[in-house]
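Order of the sequence lines fixes the chain letters, A, B, ..., with proteins taken first and strands second; residue numbering starts at 1 for each chain.
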Amino acid sequence: MAKVTFNEELCKGCQLCTTVCPKNIVIMDTKRINSKGYHPATVVEMDKCIGCAFCARICPDVVIEVER
Amino acid sequence: MAKVTFNEELCKGCQLCTTVCPKNIVIMDTKRINSKGYHPATVVEMDKCIGCAFCARICPDVVIEVER
Amino acid sequence: MTKVFERPKALTDKPFHYCPGCTHGIIHCLVAEVIDELGIREKTIGVAPVGCAVFAYEYFNCDMHEAAHGRAPAVATGIKRVHPDNVVFTYQGDGDLASIGIAEIVHAANRGEKITTIFVNNAIYGMTGGQMAPTSLLGQVTTTSPYGRNPDTEGHPIRVSEMLATVEGAAFIERVSVHDIKNINKAKRAIKKAFQVQLEGKGFAMVEVLSTCPTNWGMTPVESLKWIEENMIPYYPLGIKKEVD
Amino acid sequence: MTKVFERPKALTDKPFHYCPGCTHGIIHCLVAEVIDELGIREKTIGVAPVGCAVFAYEYFNCDMHEAAHGRAPAVATGIKRVHPDNVVFTYQGDGDLASIGIAEIVHAANRGEKITTIFVNNAIYGMTGGQMAPTSLLGQVTTTSPYGRNPDTEGHPIRVSEMLATVEGAAFIERVSVHDIKNINKAKRAIKKAFQVQLEGKGFAMVEVLSTCPTNWGMTPVESLKWIEENMIPYYPLGIKKEVD
Amino acid sequence: MAKVLMKGNEAIAEAAIQAGCRYFFGYPITPQNEIPAYMAKMLPKVGGCFIQAESEISAINMVYGAAGAGARVMTSSSSPGISLKQEGISYIVGAELPCLIVNIVRGGPGLGGIQPAQSDYFQAVKGGGHGDYHMVVLAPASIQEMVDLVMDGFDIADRYRNPVMVLGDGMLGQMMEPVEFKERDIVLPEKPWATTGNKDGEPRRIINSLFIDAQALEDHVHKLYRKYDEMKKNETRVECYNCENAEIIIVAYGTTARIAKNVIQMAAKEGINLGLIRPITLWPFPDDTIDRWAEADHTKAFLTLEMSMGQMVEDVRLSVNGKKPVYFYGRTGGMVPTPRAVLEEIKKIREVM
Amino acid sequence: MAKVLMKGNEAIAEAAIQAGCRYFFGYPITPQNEIPAYMAKMLPKVGGCFIQAESEISAINMVYGAAGAGARVMTSSSSPGISLKQEGISYIVGAELPCLIVNIVRGGPGLGGIQPAQSDYFQAVKGGGHGDYHMVVLAPASIQEMVDLVMDGFDIADRYRNPVMVLGDGMLGQMMEPVEFKERDIVLPEKPWATTGNKDGEPRRIINSLFIDAQALEDHVHKLYRKYDEMKKNETRVECYNCENAEIIIVAYGTTARIAKNVIQMAAKEGINLGLIRPITLWPFPDDTIDRWAEADHTKAFLTLEMSMGQMVEDVRLSVNGKKPVYFYGRTGGMVPTPRAVLEEIKKIREVM
Amino acid sequence: MAQEIIISGFGGQGVMSMGQLLTYAGMLDGKNVSWLPSYGPEMRGGTANCSVILADDMIGSPIVTEATALIAMNLPSLEKFEQALVPRGLLIVNSSLVNKKAKRDDIDAYYVPANEIADQLGNFRVANMVMLGAYLEKTQAVSLDSVMKSLREVLGPSKEHLIPINQKALERGAQLVTSIHQRV
Amino acid sequence: MAQEIIISGFGGQGVMSMGQLLTYAGMLDGKNVSWLPSYGPEMRGGTANCSVILADDMIGSPIVTEATALIAMNLPSLEKFEQALVPRGLLIVNSSLVNKKAKRDDIDAYYVPANEIADQLGNFRVANMVMLGAYLEKTQAVSLDSVMKSLREVLGPSKEHLIPINQKALERGAQLVTSIHQRV
Ligand SMILES: Cc1ncc(C[n+]2csc(CCOP(=O)(O)OP(=O)(O)O)c2C)c(N)n1
Ligand SMILES: Cc1ncc(C[n+]2csc(CCOP(=O)(O)OP(=O)(O)O)c2C)c(N)n1
Ligand code: SF4
Ligand code: SF4
Ligand code: SF4
Ligand code: SF4
Ligand code: SF4
Ligand code: SF4
Ligand SMILES: [Mg+2]
Ligand SMILES: [Mg+2]
């Protein structure tokens, strides 16, 4: 049981987080756009998250918090 | 048969030449003083000179010419 | 549930101004985590460079000094000599450290100045819009090497870590990368070590971090990580270059 | 009888201003002989430093440029790029090259600038009256290290040749000494090689020459030669540090 | 030739190349980066050489070497980088070498900002480096003038064997305007003093700024000052605009001179007669021209308009020498004065006048 | 305390130590080498730290760091070395840090010579670095005054958080005179802005000269200039000597002011009444004082006496503002004017007057 | 009368090139012209803007502080520059990204869904041309002919094939502001 | 009247310290004093010289251009500075190294074989004190008492033992110029 939280307003849509998730559950939310003009990253199927924090670790904008 | 010539006015009396002569014939002429105020180096017993040019080689002020 | 990853205390709340995907942000985060873990935030004084990280003084949540371009090691020396019990670090780009500031880093290292340097090598001048750095790779196209870096006229990329490893005062020098999780973790360990070396008074410590500049490399952030792996690391071998006990 | 030793053509008639027994004079003579032997006097342009050899422009019988302190390699770069077919050399002291001018020499070497550098390491600032140089030995007393050079605060003497040997653009680097006839002869061969490397367009070439400063070392000229042998050479090992074919 | 639309910085670079400049040594800094970029691209195509030096100090010393070797050579930078070049500039003057130095000024002091400023006037004109010396300082107010002055600048530098500085600012460097590159006969002068290799039997060429004997150094400085007298006589340039009946004359150069013209037009609509004296050479300063207008009855006052806290105003005061009041209006740190604010200032002056 | 006989350079160093300066970063250069040598010897004994930096640029940036860290800190150099420090000085001003910078001036431009000169006046006073800024520039004329001004200089620097420059020359640096070190209570001010480590709950301390927003930079520069107004009000120093009935007033500082006193004595013997205005602060310049004497009926003219081609004379002219003629006599390149030659010059002026 | 235009938006929206195109065309039309970019670190991801002046008289300052027209490609641009418009100034807003209206009522405002139109045309990059078309239609500041010539110049032979879609975008922008008069 | 003295010789002849000693003594005597060395690369092997002023009034320039006395330790010094003496100025020449006479006849010249005397005293380094003794005898510029005090100060405790020989040298110099009046 793990949880990731995105501070979406900080996200710059760089996609780095999407490349490291072992569960492939981090994706870009192309439907939304934050106030900086970027599509933010988000997690689908949160229940698959193992809380490895890889996504957070690689995020250059410290967008992601991970709990486990 | 070799010959060394000193351009005495250039000599600064540093004595380096006196330390390298294999024949020990280069000495400081403590009786004379050149216009810069130094005792110049000179050769005694020129006939012993083998023209190795060590003295000239080490002289920092290019005082010495050697012929052979 | 406990937090396994959260914003380090040694970072302020200020969002980074870096371009999307620029790994300066990752490196900031690593430095901040190390400061937190070592519990030295209250005695750390950071020196910001001139380069994209010029605003580092807004991000690191400790006392900060903004140096002139290339002079961070001299500024850090001034600070460290006044406060020998504090922890002083510089954060510098490759233009800053390897080009205009090469004299300052060589001599800080040679004096064995007890400071820690985080050297961000992204093979380009980011802030000024993509000029050639001394670390730019052969053939790399930049605004000032428009036909690709040519070794005949511009020389080869300089390996600063290897060079600094030759001076006696350098106590710890390692090159790391942040292009994947494994390497990010290694990078963190190296940075921690570089601060510990300072705390132990051993001498100068530097970590060279291979980093991206998606904007001026003209790549996506994801492509950029790959470019580090495929192009930079072969020329800039990772690992410890110097370690003194 | 034939002359086996006479004043080289590449020296002017001007008597040197150096102190009695200062080996700057020997080194001048070697450089001039090499220029004569290679027959390149008419195409050689020399760059004089700021240091005791500041008046080198009065002694070398070729076109000369007096550089700012430490900047001879940059000046030489400017000249060489304008006249790539000429032979350009710098003559620099250890304060000039290893301290204020370390950035310029590192980058000239790294660019593989096709110039020849004669680096006179006398472990002190001669011209300004005996201050510590980056190359001063541990414990050496100078006006700015009055209690002897202390590695904790002033760092260890820097081995520039070894450091520069790490950069790709350096094609030939050798350390020599002039404390006795054998070594003087070796020094001459090294200097000749360093000019040949330039003539062959191979890259940057440097010869580091261990040299005396009887005046500021507070010794007689003869004692000074001994001091090179007994104190400098053990720390500054002689020999080729880099050679590229 | 037809007009082309060009950024100021690129126009500078192109003008230099057309003037026969084949060597450029520089180091990146905003807001002048288009100059090295253009040079990096174009110089190799014309057989020239661009080097990004490791620092501004190296750059100016490469210029020193290349100038001594007889090349037409240039460097450019912006404020902090120009500060770093001060020792080198002083050497180049001392050794009597020609070269062109461009400063695209930004706000200071320190790291300051990157927006346009005129706060390096003193540095350029009074001598930021050590010792007694001067440079001709050219202050273009349009991209066209930048081109023309860059070309003239090289000639002036060669004529007197002295560096010439072009003082622009971030606005002039970054803006685009149509510009025409007039055809010029480029005749590079003979440089019998340049280091090229000493041919047997000819005198050696020595580039040097050291004169250890004080009397020799004084003689040398006097020689430089005789050249400066010549420059004052021959090279002073100034534009007078609408001064004939002006009540208040604005003195401004470069960007602020452009603004002054807006002010004059706005003022004319309100029936206020203003003039502009625009020094084109900041050194030599057109003191005679200013003095002449100070003598005129209709001139009641001067207003010096600068993007600084007041630097050129001292030269204006020296020129006016107490004959009329000299006021000052300035913005600094990258702020550009608006025409309207300047007009308001002038109205205030008219009230107290 | 009893008087001791000391070289100017050593007196500067000792004064700094007595003023509580514990950090010195410098690089050797003639004719100021006794300062670093003295510091190297004495600072370790008082728990301070001397570093011979790798260059003048490193030295000024070490000063920048140490000043930011709250230390009383100093550097010294001579002309070419001071040129190299210009960027750093501009940063220190921009970041509002106190420190003392000593320039023992030698002849320029370029490598020039090593004999005494006053040709760095413009650089010191108008700003050799980029951007709008000023430093208090102190010009001692005796070893005793050097000592006193060095001590005052540190206080002034701290009071305004701005660098202070002491402008000497090779003669003042090398000569010996008796000097007394008066006891002072050294109270180093609190520096709540200095980088010392950020205690939890307290605001961080940031040393910085970057203001990327132009309006913010202008605000910052205006803040600096409010300090400069204060300095002008509080720190201007000048000596007037024999001006009461003087027909011609010599304006001179430092070494040339000493010579001027010889001239005045020689002239008095010939029945010529001369005075001396000696600016002790070159910035802020004592323009009010000069203006006051310019107003006086007995004052027929001014003669500015400098070891330069004429630099301070501009400030004198600005102060006099056309009220009386201002003449200039100078030697340069390390030549020191003889009293007799100056007197001859004055006689010539009297003829045309 | 001189046209003094501010064009503003995110970096990447073609704000600078739109300005350059207009300036180039003005030059071809024989006008005095100037183009001035904002530059600085805010270019990174933040807003970018440029000033364009087209005049018959001499141009003094190239900075537009009293704009006759504002082309706002995003919300921050509208908020930052609305107040710089002269009374009766022309405002063209990219309504695809801006869901607010102008606050002032003494200006002529038009809301152009430039991104949608560009998407319809099949290339999201030509949103700027849609806006430019609208501007040109309203002001006739330069001839369409010159704009097309400039375009050809700017795109160069390698991008010749993009001319038609750019022209289309210009036309669609023009049509829009003649049809839907969204005057406030 | 002020004493304005030039002391000149080879580096190593103790020219600078002789000047400092005199200056120090002047200070102890309550006079205004100044000492100014020549400095520069010519110090290297060439000549060294210093200016000393001892005055009751304020001292302006510390450079002596119109000397009341010249102490010439070698030939170049005599040649360089003879013309700087005021009429009736005092010249003291080290005749051990200088085999020429002064050219001027409007000055008081004394020839002191200082090196020989120093050698006789057993320490060639005190030749400068012989010259100083001669100067003091002729001018009474400062008290012998102050000179001895200064000497003690300058030599320091470690060289205390050198005081007697220095004093002897001073005395011998003084005797010489009273006995052999080599006035020109
Ligand atoms: C003296 C000086 N020279 C040049 C500059 C311009 N400048 C700012 S940042 C920079 C280089 C930045 O490159 P780097 O250090 O590699 O950092 P990055 O932006 O790549 O992180 C330059 C040249 C300056 N501010 N000051
Ligand atoms: C910018 C600058 N800084 C300092 C000096 C003073 N200076 C002249 S020579 C020298 C050092 C000389 O030492 P080195 O290079 O070792 O040469 P050496 O005299 O020992 O042969 C220095 C610091 C200067 N002339 N210019
Ligand atoms: S914590 Fe790990 S598993 Fe969970 S979303 Fe992030 S990367 Fe994926
Ligand atoms: S790595 Fe961070 S900034 Fe990048 S897309 Fe993911 S959450 Fe957003
Ligand atoms: S040539 Fe050789 S043998 Fe002859 S004097 Fe010189 S060193 Fe001695
Ligand atoms: S080595 Fe040369 S200078 Fe030295 S004593 Fe011998 S001849 Fe004279
Ligand atoms: S320009 Fe490059 S280094 Fe700078 S923030 Fe952007 S991506 Fe990072
Ligand atoms: S000071 Fe030293 S290096 Fe210089 S000339 Fe004298 S002995 Fe040689
Ligand atoms: Mg970089
Ligand atoms: Mg040396």
Heavy-atom contact with chain C under 4.5 Å, split by part of E:I29: backbone
Engaged part of E:P44 at the chain C interface, taking heavy atoms whose separation is under 4.5 Å: side chain
Heavy-atom cut-off 4.5 Å, strictly under: side chain, backbone, both or neither for E:Y38 against chain C? neither
At their closest point, which heavy atom of E:K41 faces which heavy atom of C:Y147, and how far apart are they? O-OH, 2.5 Å
Between E:P28 and C:T128, what is the shortest heavy-atom contact and its length? CB-OG1, 4.0 Å
Provide the closest heavy-atom pair for E:A53 versus C:S99 in the form atom of the first, atom of the second, distance. O-OG, 4.2 Å
Does E:E56 reach the side chain of C:I100, with side-chain heavy atoms less than 4.5 Å apart? yes
What I want to check is whether the side chains of C:T144 and E:Q52 have a donor and an acceptor closer together than 3.5 Å. yes
Is any side-chain heavy atom of C:E66 closer than 4.5 Å to one of E:L111? yes
E:N33 side, atom CG; C:Q131 side, atom CD - distance, nearest 0.5 Å: 4.5 Å
Interatomic distance, CD@C:E154 vs CD1@E:I51, rounded to 0.5 Å, equals 8.5 Å
